[in-house]
Amino acid sequence: MSGVLVILEDRGGRISRLSWEAAAAARILGAQRGVTAAVVGAQTEALAAEACGQGFARVVRVEHALLAPYTADGFALALEQLIRAESPDYVVFPHSYQVRDYAPALACRFGQVLISDVVAIGEGPVFTRQLMQGRFNASYRHTASGPCFVSVQAGAFRAEPADLPAAAPESFAPALDAAQIRTRPGEPFRSSAQTVDLAAAQRIVSIGRGIREAANIPLVEELARALDAELAASRPICDSGWLPIERQVGSSGHTVSPRLYVAVGISGAIQHLVGMKGSQCIVAINKDPDAPIFEVADYGIAGDLFEVVPALIAAVKAGKA
Amino acid sequence: MKIIVAIKQVPERDAPVRIDPAGTWIEESSLQFALNESDAYALEEALQLKEKHGGEVAVVSAGPERVGSTIREALAKGADRAVHILCDDLHSRDALGVARLLAAAIKPEQPDLVLSGLQSEDLGLGQTGVIVAELLGLPHATLILNVEKTETGVKVKRELEEGWFQSVELPLPAALSIQSGGNKLRYATLMGIKRAKTKEVRILTAAELGADSAPVVRMERIALPTKQKSTQMLDGSPKEAAAALLEKLKFEARVL
């Protein structure tokens, strides 16, 4: 077809929000030629109906009984066949955990490399992605012939429905054999009962590596109490077992958007930022004035958290008295 | 079980990284380097599997001579031997180019399990392990926190988004990308450091492995990110900054 193919992802029976952002990125690449959307699964009727009327030139249902539940083998095989049949110039994915699991292998089958976690697309096209935990931006170009595989980061492209008439979905039946699916996935589960609802919190005080050791956590806990806020953390804190994983904010934890988010000793790696950058007001306290967290903060204090936090607690308490 | 762990040396976490004058890579000369974090978890998982089930753990790492210190660290923690793929152009290879090197070195080893960290802290591509699996024709799973041996293969705990998990069963041989946080990392003991000096480190070159290095994706420039938001930095003593912040939160942002 020589155009742009975007893979829309199923999230609980609906097309995921990140997929719409991937569609927006696909439109940048396919402004002239139009964008074809693919939905993948064992039953894709509802997903296809949701995609129709959203401005895609075509909607393709990649359907096979072996495509549920998700497996890397099943998805890579099915999409390999679709891409060989369609020969698109670009294949665009949401940068979800699922895509990270199969898209690199899929690209490899075409001798290609997925340009992953893209935050911007410029003339050329030049793809921007982050390096060094968000400290730098790097620009990438696809230099080979053949399809170019791109995945887009959450929150980087604005999902907007385009204005094109709806076409009836088409069907694509991949040839799959049960023996080709080598892994056996189980049902999703949560590890423990949830005792805190970060998503509903109006104020969050969140801690990162800057806290140095578990013994220092009560200091920030006191700030959270003074601000009437929930305590949260970046991944390394939960990895170390200092706070339970249910308090983790970021791509592997919760996505939050409170009115106030205070990041204490968090450098601002991309995986953390995607989980909190939608907060209404962001405060960052970090000793490194160049830390990427300050890129998304409304207010910043570049200083030692062990001096700033006690001062802040005292000021909050004085204000209440 | 024979386990190969692919590890990468990256700039130390808090290292002051600067862009080189050409704007195409970082200044390496003044940097300290360390073992990539999720690779350390991959190594830990491998060592624990060996302790439970016996077998061998070998590490493989690609990069220039300095990578030798990170390889020694892995050996000191308990890996039995290592393969160092000597190459000075690691960052100009794309993920496929690096994966081809690793796969070429791993293939003749015929391991039961290939482990790698989920993503590197410098480039953060997060796909080398998956491509190695594809090149070796192995089933794979990513974002793995725990590996259990079963009668027919392995059962792994895979992290999904938003606090969900799932179990996945795979036959062996298989490849797994390990997420950080699944285990407690060990430190090298003095005895381990001593022993590491006598362990085998086989040096291979990229040329010997015959892996094609022509990239299909090229990194052209590195730059500082442009600010998307205007951040008000609050200066002064901690006390002054704290007072100024509260003032702003109450009367400007109105979130208190």
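Letters A, B, ... are given to chains in the order of the sequence lines, protein chains preceding strands, and every chain is numbered from 1. The figures that follow rest on heavy atoms only: side chains count, while hydrogens, waters and symmetry mates do not. No experiment lies behind these values; they were computed from the predicted model shown.
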Heavy-atom distance under 4.5 Å to chain A: side chain of [X], backbone, both or neither?
{"X": "Leu160(B)", "answer": "both"}
{"X": "Ile19(B)", "answer": "both"}
{"X": "Leu143(B)", "answer": "side chain"}
{"X": "Ala15(B)", "answer": "backbone"}

Option in [options] with maximal non-hydrogen atom pairs under 4.5 Å from chain B:
{"options": "Gly303(A), Gly275(A), Ser252(A)", "result": "Ser252(A)"}
{"options": "Ser139(A), Ala144(A), Gly186(A)", "result": "Ser139(A)"}
{"options": "Gln112(A), Arg100(A), Arg235(A)", "result": "Arg235(A)"}

Quiz item: Would you say Gln32(B) has more than 12 foreign heavy atoms packed within less than 6.0 Å of its CD?
Solution: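 No - once you tally the heavy atoms of other residues, nucleotides and ligands closer than 6.0 Å, there are 12 at most.
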Self-check item: More than 12 heavy atoms from other groups under 6.0 Å of CZ on Arg18(B)
Solution: no
Which atom of [X] lies closest to which atom of [Y], heavy atoms considered:
{"X": "His140(B)", "Y": "Asp101(A)", "answer": "NE2-O, 2.6 Å"}
{"X": "Glu161(B)", "Y": "Ser251(A)", "answer": "CG-O, 4.0 Å"}
{"X": "Pro171(B)", "Y": "Arg182(A)", "answer": "CD-O, 3.1 Å"}
{"X": "Ser116(A)", "Y": "Gln127(B)", "answer": "OG-NE2, 3.5 Å"}
{"X": "Pro188(A)", "Y": "Gln166(B)", "answer": "CA-CB, 4.1 Å"}
{"X": "Cys108(A)", "Y": "Ile131(B)", "answer": "SG-CG2, 3.7 Å"}

Which region of [X], side chain (C-beta onward) or backbone (N, CA, C, O), has a non-hydrogen atom less than 4.5 Å from a non-hydrogen atom of chain B, or is it both or neither?
{"X": "Asp298(A)", "value": "both"}
{"X": "Val309(A)", "value": "neither"}
{"X": "Gln130(A)", "value": "backbone"}
{"X": "Thr183(A)", "value": "both"}
{"X": "Ser96(A)", "value": "both"}
{"X": "Tyr261(A)", "value": "neither"}
{"X": "Glu187(A)", "value": "backbone"}
{"X": "Gln98(A)", "value": "backbone"}

Quiz prompt | Residue selection (most heavy-atom pairs with chain A, distance under 4.5 Å) from Leu170(B), Val17(B), Leu138(B) | solution =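 Among the listed options, the one with the most contacts to chain A is Val17(B).
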Quiz item: Ion pair present between Arg209(A) and Glu37(B), side-chain N to carboxylate O less than 4.0 angstrom?
Solution: yes
Quiz item: Leu245(B) and side chain to side chain contact (heavy atoms under 4.5 Å, CB included): which partner among Leu312(A), Val316(A), Val262(A)?
Solution: Leu312(A)
Self-check item: Members of residues 247-256 of chain B whose heavy atoms come closer than 4.5 Å to chain A
Solution: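 Lys248(B), Leu249(B), Lys250(B), Glu252(B), Ala253(B), Arg254(B), Val255(B), Leu256(B), listed by number.
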Quiz item: Which residue pairs pass the salt bridge (charged side-chain N to carboxylate O under 4.0 Å, His left out) test with at least one member in residues 126-150 of chain A, sequence neighbours excluded?
Solution: Arg141(A)-Glu220(B)
